[in-house]
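Take a look at the structure below.
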Amino acid sequence: MSSTIEERFGPYGGRFVPEVLMSALDELTVVWAETRDDPEYLAELDRLLRTYVGRPTPLYRADRLSERLGRRVYLKREDLAHTGAHKINNAVGQALLAKRMSKSRVIAETGAGQHGVATATACALLGLECVVYMGTEDMRRQASNVERMRLLGAEVAPVEAGARTLKEAVSAAIRDWVTSSDRSHYVIGSVVGPAPYPALVRDLQSVIGVEIAEQAADAEGGPPSRVIACVGGGSNAIGSFHAFLDTPGVELIGVEAGGEGLDTPRHGASLGAGRTGVLHGALSSVLADEDGQIQEAHSISAGLDYPGVGPEHAHLRDTGRARYESVTNEQALRAFREISRLEGIIPALESAHAIAWLLADADRRVAETPSSPVCFTPEFGFDVVTMSGRGDKDMAEATAGLDELDG
Ligand SMILES: *Cc1c(COP(=O)(O)O)cnc(C)c1O
C-alpha cells in the first residue's frame, strides 16, 4: 500500500465536520499512514484474520448456479467469516488500531446491528471498552443483535432523537467523539464518513479482493472477467474491487437496492438515482431533494437501506471504471430463495441483491441471443460474486416477503 491516504476521490470525499473534530481526524490520518505499512501491525492483523476471523474465506465454484446462468460463477464466501459477514474485517483492523493509538474506549453506531455486533466482538477480543449508539426504533426491530452486543460486553446506548434509526445514531456517536477523542476511537462501519475513513475502511476490506485475485489465479489461471458485489455504504464492494482497479478487462459491477423501483421514491440507489451532496461528513452521491435535503432510503435489506454511499464509488461511477446497477426487493427475495435451493447457501438479503443481478443479466442475455445463451467457453471467462454475509438474520423478513409474493 502507498503511504498517501486519499482525502478526495475526484471531487468526492473530504471532511464536512465540526472544527473540533479536525485534530482527531488529522491524528487518525497520520497514524493510519504509518500503521498500514507497519510489519508488526500487519503481522498481528494477519494472525487475527487467519486464526480468529477464519481467513482466507473460500472462493467456491458454484456449479448448479453456473448451470442455471449458463456462465461460470464463483462465490467469495464472506458469509463464512466470524460473525457471518465481511464487517468483522474492518472491526478487527480498527480495534487493533485503537489499541495502537492507546485508546481504551471504542465508539460505534449501528443501524440493523451488524456493525455493532462486529465491533463489540472485536472489542471483546482485544479487551476494549465499547459503546454502540443505536436508535430505539432499530433496537426494537433488532432485539437479538442488542442482546448479542450486551452479551459481548458492549454498552448499547439508546438514541431517542428523530426517526430513532441509523442517521440519529451516527449524530450521537459523533457528539460522543467530539468530547472523548483523546481516549476514544470511533469505528465507522463502511467506506463513508469524513477522510480518512473511506480510505481506512477500504484498506481493511481490500483483503477480500486480494484473496479473490490469488484464489482465481489458482482455480482458473487468471483474474475473473467480472466482479459483482452489493452496495450499501460500499465496503464489501470496494473491498472486492480494489485489487482489480488497475487490471483492465476486469469488469466491476456494484448492485444497489432498487427497493420498490427507481421510478418510485422507495429505494436505496444513491449512485443510480442520487445527486451530489453531503452526508455524514463527506461529499458523495446521496438521495436528496432539489434543496439538498437528505431523503429516506428504502430497502428490504437493512444493510442497503442507506441514503448515501462511499465517495470512492461515486468517483468510480463517474470515471466509468465501475458500473452500478440495481435490483428490486422482489428480485432480491426471489434470488434469496433460488440460491438457497441451488447451492444450499442462505445468503444475507444484501448479498441476494448481487445474485439477483446475475440472474437478471443471464435472462437478458438469453432474450438477446436465444441461439447461444451459454457462455462456458474460455473467452467468456468467469464471474466472482461476493457473498457479503449469511442470511440467518433475515429469515423472518424474507419468509414474510416470499409469502406475500407467492400470495
Ligand atoms: C452491512 C452489510 C452490507 C452493506 O454494507 P457495505 O458497506 O455496502 O458492504 C452488505 N452485506 C452485509 C451482509 C452486511 O452486513
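Just follow the structure's listing: the first ligand is 1, and inside any ligand the first atom is 1. In this text the structure is predicted, and so the values were computed from the model without any measurement.
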Closest approach of any protein heavy atom to atom 4 (C) of ligand 1, naming residue and atom: Gly303 O, 3.4 Å
Starting from atom 11 (N) of ligand 1, locate the nearest protein heavy atom and write down its residue, its atom name and how far away it is, to 0.1 Å. Ser388 OG, 2.7 Å
Based purely on interatomic distance, does [X] place a nitrogen or oxygen under 3.5 Å from a nitrogen or oxygen of ligand 1?
X	answer
Cys230	no
Ala85	no
His86	yes
Ser235	yes
Gly189	no
Lys87	yes

Measure from the side-chain N and O atoms of Thr136 to the backbone N and O of Arg164, and report whether any donor-acceptor pair falls under 3.5 Å. no
Is Gln114 reaching over with its side chain to a backbone N or O of Ala85, donor-acceptor style, under 3.5 angstrom? no
With Glu397 via salt bridge (charged side-chain N to carboxylate O under 4.0 Å, His left out) - residues at least two apart: none
In chain order, what residues pass the salt bridge (charged side-chain N to carboxylate O under 4.0 Å, His left out) check against Glu325, with sequence neighbours excluded? Arg323
Suppose we call two aromatic rings close when their centres sit under 6.0 Å apart. Are Trp32 and Tyr41 close by that rule? yes
Could you check, using the six-membered ring where one of them is a Trp, whether Tyr60 and Tyr74 have ring centers closer than 6.0 angstrom? no
Residue from Ile300, Asn329, Thr328 passing side chain to side chain contact (heavy atoms under 4.5 Å, CB included) with Glu260: Asn329
Closer than 4.0 Å to some heavy atom of [X] - which atoms of ligand 1 meet that?
X	answer
Ala348	13 (C)
Gly232	8 (O)
Gly389	13 (C)

Using 30° and 60° as the class boundaries, would you call the ring planes of His313 and Tyr324 parallel, tilted or perpendicular? perpendicular
Ala237 touching ligand 1 at heavy-atom level, < 4.0 angstrom: no
I'd like to know if Glu147 and Arg150 make a salt bridge, using a cut-off of under 4.0 Å between side-chain N and carboxylate O. no
Run down the list Ala229, Gly84, Gly234, Gly254 and name the one with the heavy atom closest to atom 8 (O) of ligand 1. Gly234
Closest candidate by heavy atom, reference atom 9 (O) of ligand 1, pool Asp305, Ile238, Asn236, Leu304: Asn236
